[in-house]
Amino acid sequence: MPMFVDHSPPGQCIFCRLVAGEIPSAKVCEDELTVAFMDIGQVNPGHVLVATKRHAVTLLDITPEEAAAVLQTAQRVARAVQAAFDPPGMTLFQANGPVGGQTVFHFHLHVLPRHEDDGMALAWPRKEPGPAVLQAYAARLRAALQDG
Ligand code: 5GP
Ligand code: ZN
């Protein structure tokens, strides 16, 4: 379980204040829509967060332009992490909602350098419900895509 959860009101959250320069950060780079800075809690050296500049809580709240910009910044940062820290692996992690593991409710993506036995864990209790169920799930999603 996370040790820290940000309960600040929207617009006054930690990352809004960080974007506004009201609290210090170790900034890596920024563009019109995104900012990348060192996570205060480094899972491994070089652990960066890429956040939207605009306050938006989850993946469902950002615009397609912000989504594209976030991944472009993440790729740029990942190349820099590879060059500067040379980790043998890298994981992108993005949490939505408390149940999804989100503790700061302002959209961000983790760029996480990975090492052998580094203690980072995400349980993955996979099930194989079979082809009929998979087809039914896909049909539900195709219908939802049409409705949206
Ligand atoms: P989440 O659990 O929401 O995906 O991740 C939130 C992250 O924000 C955590 O990894 C935490 O260490 C980081 N964090 C929380 N407060 C601050 C802060 O004030 N400055 C920075 N740079 N990172 C923070
Ligand atoms: Zn915010």
Side-chain angles (χ1 to χ4, degrees), residues 1-129 133-134 137-138 140-142 144-145 147-148:
M1 277 298 287
M3 301 295 290
F4 166 85
V5 178
D6 180 15
H7 290 296
S8 314
Q12 296 167 39
C13 80
I14 289 175
F15 290 174
C16 279
R17 295 179 61 212
L18 190 148
V19 167
E22 292 168 13
I23 59 169
S25 69
K27 202 182 280 181
V28 176
C29 63
E30 65 181 312
D31 62 14
E32 189 193 341
L33 297 177
T34 67
V35 59
F37 52 93
M38 304 314 296
D39 193 311
I40 205 167
Q42 295 277 291
V43 170
N44 286 313
H47 177 178
V48 174
L49 300 178
V50 179
T52 51
K53 282 190 171 170
R54 185 179 69 90
H55 182 85
V57 180
T58 73
L59 180 65
L60 304 184
D61 302 312
I62 63 173
T63 65
E65 292 75 20
E66 286 169 329
V70 163
L71 201 59
Q72 280 174 20
T73 300
Q75 188 189 45
R76 203 172 154 225
V77 166
R79 288 192 170 125
V81 167
Q82 197 63 56
F85 293 90
D86 197 26
M90 221 177 303
T91 299
L92 297 192
F93 179 75
Q94 196 274 309
N96 299 285
V99 174
Q102 188 173 16
T103 59
V104 175
F105 300 100
H106 177 132
F107 179 89
H108 58 278
L109 173 69
H110 295 254
V111 179
L112 250 171
R114 298 299 308 280
H115 296 274
E116 210 66 65
D117 300 323
D118 62 9
M120 168 85 187
L122 182 65
W124 196 266
R126 67 191 292 280
K127 293 119 190 149
E128 288 194 20
V133 173
L134 295 182
Y137 290 165
R140 278 170 68 178
L141 291 172
R142 285 194 299 270
L145 284 170
D147 292 346

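One-based numbering, in listed order, for ligands and for the atoms of each.
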Can you tell me how far the [atom1] atom of [X] sits from the [atom2] atom of [Y], to the nearest 0.5 Å?
X    : Y    : atom1 : atom2 : result
H110 : M120 : NE2   : CE    : 8.0 Å
T73  : L109 : OG1   : CG    : 9.5 Å
T58  : F105 : OG1   : CZ    : 10.5 Å

Do the non-hydrogen side-chain atoms of [X] and [Y] ever get within less than 4.5 Å of each other?
X   : Y   : value
M38 : V28 : yes
Q82 : D86 : yes
V70 : Q94 : no
K53 : L33 : no

- Item | Minimum-distance N/O/S atom that H106 presents toward the Zn ion (ligand 2) |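 Nearest to the Zn ion (ligand 2) within H106's N, O and S set: ND1.
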- Would you mind naming the N, O or S atom of H55 nearest to the Zn ion (ligand 2)?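 That would be atom ND1.
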- Task: Check whether any side-chain N or O of D39 sits under 3.5 Å from a backbone N or O of Q42 as a donor-acceptor pair, and report yes or no.
- Result: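 No, because the side chain of D39 does not come within donor-acceptor range (under 3.5 Å) of the backbone of Q42.
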- Could you tell me whether a side-chain N or O of Q102 sits under 3.5 Å from a main-chain N or O of V57, the two making a donor and an acceptor?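 Yes, because the side chain of Q102 sits within donor-acceptor range (under 3.5 Å) of the backbone of V57.
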- Query: Ring centroid separation for H106 and H108, is it under 6.0 angstrom?
  - Reply: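 No, they do not, as the ring centres are separated by 6.0 Å or more.
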Say whether [X] and ligand 1 are in contact under the criterion: heavy-atom distance to a ligand atom below 4.0 Å.
X    : value
V43  : no
G101 : yes
Q94  : no
H110 : yes

Atoms of ligand 1 less than 4.0 Å from [X] heavy atoms?
X    : answer
F37  : 22 (N)
G41  : 12 (O)
Q102 : 3 (O)
M38  : 22 (N)
V104 : 3 (O), 6 (C), 8 (O), 15 (C)
I14  : 18 (C), 19 (O)
F15  : 8 (O), 24 (C)

- Per atom 6 (C) of ligand 1, closest listed option by heavy atom (T103, L18, V48, L109):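 Considering heavy atoms of T103, L18, V48, L109, the nearest to atom 6 (C) of ligand 1 sits in T103.
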- Task: Can you tell me, to 10 degrees, how wide the angle at the Zn ion (ligand 2) is between SG on C13 and SG on C16?
- Result: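 Reported to 10°, the angle equals 120°.
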- Task: Report yes if I40 has an N/O atom closer than 3.5 Å to an N/O atom of ligand 1; otherwise report no.
- Result: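 Yes, at least one N or O pair falls under 3.5 Å.
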- Query: So is there a nitrogen or oxygen of D39 less than 3.5 Å from a nitrogen or oxygen in ligand 1?
  - Reply: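 Yes, at least one N or O pair falls under 3.5 Å.
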- Only one of L49, T52, I23 clears side-chain contact (heavy atoms from CB on, under 4.5 Å) with F15; which?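 The option that passes is L49.
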